[in-house]
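Heads up: the structure comes next, in structure tokens.
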Amino acid sequence: MGEFVGIDPGGAERLMHQMTIGKNVLGQTRPGLEAAIAEAGASWTGPQGVAAMHRSWAFFDDSQRDLKWRTDTLKQMVPGSGNGLLSVFFTFNNEAEAARQGKADAAPITAALKEHDVENSVKSWRKVTDAVAATKDKLEDPAYAASLLAAIGPDRFRALFMQWMKDKGPTAMDKGLPPSVRQEGRESLGPLAEAYANAERAGRLGADWQKFIDTTDPGVLTALVTMSKASSTLLNQVARRVLSRSLAADGSTSPNWNLDALVEAYGVNPEALQSLLAENKDAAGWLLHPTRVMQTGLPGFEERLAGVLDKALRPGAGDDRVRERAWLNIINGVGAEGTPWLGGQWIQRVVGRKFEGSPVTQVLAKNVVPYLDKFARVQAKESSPSLKKLYPDPPWDKLGTDVAARFFGSLMQDKVAANTLLKAWHDYTVKMDIGRFHPFDSDDQIRAKFVTHSALSSGAANLLLDGSAHAEWSDDEYADWLAGVMLLPVDWLSNKYWPINNPSTATARDRVQDDFKDKLKTVITDYFDGKTPDTADKVATKIVDIQNRWVTESLAQHKQKPLTDEDQDQVDKAFQGRLYKALVKALERRGG
């Protein structure tokens, strides 16, 4: 057994950084100083010449390398422990000893594999697995793992796994292996998978391994990451290789165990999935494509995928900035022009029964709610470009309104997801309490707050209006939703002109608003049912006129001061300026 070692990984990292600085200073100084000494010749008075400087650089380099080996090994032996003093017994006394043993242990493995290539028997394969098993207790040393792999080489390493998989079914190399078979592999070739994962995590794989991911069958790769404690980097490399395949490549009738393996691995390491979605703009489209999920052939796969997405995207998961970038890529992927999510493909094709609902859409809807204000600002920037203080901050400033609307539309095909979004918008608007601020107040700050609050609430409503036309609801359900959204400007006007002085007044106001909403709903339903020859534009205009008359009648009924021409113009803007275009678009898309 090697020595007993105690190290503070954080302190060791700082010391190695300082040694790197020292080596750089010496390296930059050496050429000029050597030239000066050579030029001075016999007149040079330095007692040791450049030898001391060379020895200093070598001392730093040797010490740094030894400390890195110790730190890397410690992190492998005590994973996820963070900083602070850690103490363990090392398997080897030094890095050189570990490397020698790794090379020595590779020899029996390669010899047994050569024998198996000729004999191809159960007995010859047993020799291979016995030789692999002999490495098991030494793999936590990354120098040992790297030396073992270097001696085996990427081609022979790949051949080992292909030999094991060749009798596991005709699609094993391409589509992967079921969990029970992966567990079997963990017991035989698992040590080699662990050696690869450990060497990769420590950054010790040689240059000849750089193309290994791109040249190895997907089934072998997914076996590797589920038979070892793969780093986030390795897991995402494998995921990109698997998910970037064409849909046709995954189109056979056999189960796609590669996706099963990835979901299993991401279930253990959801932050890796968060990182993949954040760093690769195509990953969301690859992973969430309805056809890909439909073709897995795995019962309950969508529910498992939803669970992993929930772990990676829920509020507070991982790093806030990484999670935001992940969301931007998901929204851009799901909301892309020509997205396969629209038209009911997701629900109909994955679940197989229209309107059944989708765990994935429901998880996305639930976890995107905290970003509703970001969406509102994206729309407000387009609708009110002069209100620069409402502009979204990066990275949301790169999000387009059409993409956002299609994203919402894709989710709103699922009734549960749609209700989640509608409730979130309602809560978002109510929390603003727009009625506290009035557009005609003598205080310019109050007027400004009304404008900004209504711009944000209307911004979110615009996107939901645009997306809602894709929702798979009945006409009556959809008309009720549209009428509720169009009540938005009435909320603040009723607070302005029908103050709530007592409960009975509030009850009366609410009853009148309910009646008013029913009137709006009737106009919309008549349009859907073809009971009116009016176009969508005329129907929207009629709704605005109804709202204006409601205000006038309300003022007269409660003996309020009539609106001035300027006030009337502001009311028109409130009813038509922010929601009118979105309403027309929604009515046209839905059709009468």
Side-chain angles (χ1 to χ4, degrees), residues 342-344 347-348 354-357 365 405-406 408-427 429-430 457-458 460-494 507-554 571-572 574-592:
L342 287 179
I347 299 171
Q348 293 178 44
K354 195 173 182 181
F355 315 142
E356 181 81 9
R406 284 192 292 267
F408 280 132
S410 297
L411 300 189
M412 292 174 76
Q413 294 172 107
D414 183 317
K415 287 184 181 179
V416 175
N419 287 333
T420 297
L421 294 174
L422 299 184
K423 182 180 184 301
W425 169 75
H426 179 267
D427 293 345
T429 301
V430 169
S457 183
S458 298
N462 258 276
L463 292 177
L464 292 179
L465 272 172
D466 198 2
S468 67
H470 303 287
E472 300 291 345
W473 306 336
S474 68
D475 285 349
D476 185 72
E477 290 173 319
Y478 189 54
D480 187 73
W481 148 239
L482 289 183
V485 172
M486 295 310 296
L487 276 175
L488 170 68
V490 172
D491 285 340
W492 60 260
L493 283 172
S494 61
T507 301
R509 187 198 69 164
D510 292 341
R511 186 179 299 115
V512 171
Q513 285 196 349
D514 288 342
D515 293 342
F516 176 58
K517 178 183 176 181
D518 289 341
K519 185 179 293 186
L520 295 181
K521 182 178 175 181
T522 298
V523 173
I524 296 169
T525 303
D526 286 348
Y527 169 73
F528 288 155
D529 293 343
K531 295 180 180 179
T532 172
D534 290 342
T535 62
D537 185 75
K538 289 184 178 179
V539 171
T541 300
K542 184 179 294 186
I543 289 174
V544 171
D545 289 341
I546 292 172
Q547 290 175 311
N548 277 321
R549 287 200 304 273
W550 185 91
V551 173
T552 302
E553 293 170 1
S554 178
V571 171
D572 291 341
F575 287 135
Q576 188 164 7
R578 298 196 185 283
L579 296 179
Y580 179 81
K581 290 183 179 179
L583 176 62
V584 172
K585 187 187 294 186
L587 291 171
E588 287 178 340
R589 184 174 291 155
R590 184 78 179 200

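Side chains are part of it too, since the values below use all heavy atoms of this structure and drop only hydrogens, waters and symmetry mates.
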* To do: To the nearest 0.5 angstrom, please state how far the CZ atom of F528 sits from the CG atom of L482.
  => 5.5 Å
* Contacts of K531 that satisfy salt bridge (Lys or Arg N to Asp or Glu O under 4.0 Å) - sequence neighbours left out -> none
* What pair of heavy atoms forms the shortest contact from T535 to Y527, and how long is it? -> C-CE1, 4.0 Å
* To do: Please list, chain by chain and in numerical order, all residues satisfying side chain to side chain donor-acceptor pair (under 3.5 Å) with N419, sequence neighbours excluded.
  => none
* Heavy-atom closest pair, residues M412 and A418 -> O-CB, 3.7 Å
* What closest approach, in Å, do A417 and L411 show between heavy atoms, and which atom pair accounts for it? -> CB-O, 3.4 Å
* To do: Check salt bridge (Lys or Arg N to Asp or Glu O under 4.0 Å) between K521 and all other residues, then give those that pass, not counting sequence neighbours.
  => D476, D480
* Residues which pass salt bridge (Lys or Arg N to Asp or Glu O under 4.0 Å) with D475, listed by chain and number, not counting sequence neighbours -> R590
* **Rounded distance [0.5 Å steps], OG1 in T532 versus NZ in K538** => 9.0 Å
* **Minimum heavy-atom distance V523-V539, with the two atoms named** => CG1-CG1, 3.9 Å
* To do: List in chain and number order the residues that pass salt bridge (Lys or Arg N to Asp or Glu O under 4.0 Å) with D526, two or more places apart in sequence or in another chain; answer none if no residue qualifies.
  => none
* Enter the distance from L587:CG to Y478:OH here, rounded to the nearest 0.5 Å. => 7.0 Å
* In chain order, what residues pass the side chain to side chain donor-acceptor pair (under 3.5 Å) check against K519, with sequence neighbours excluded? -> none
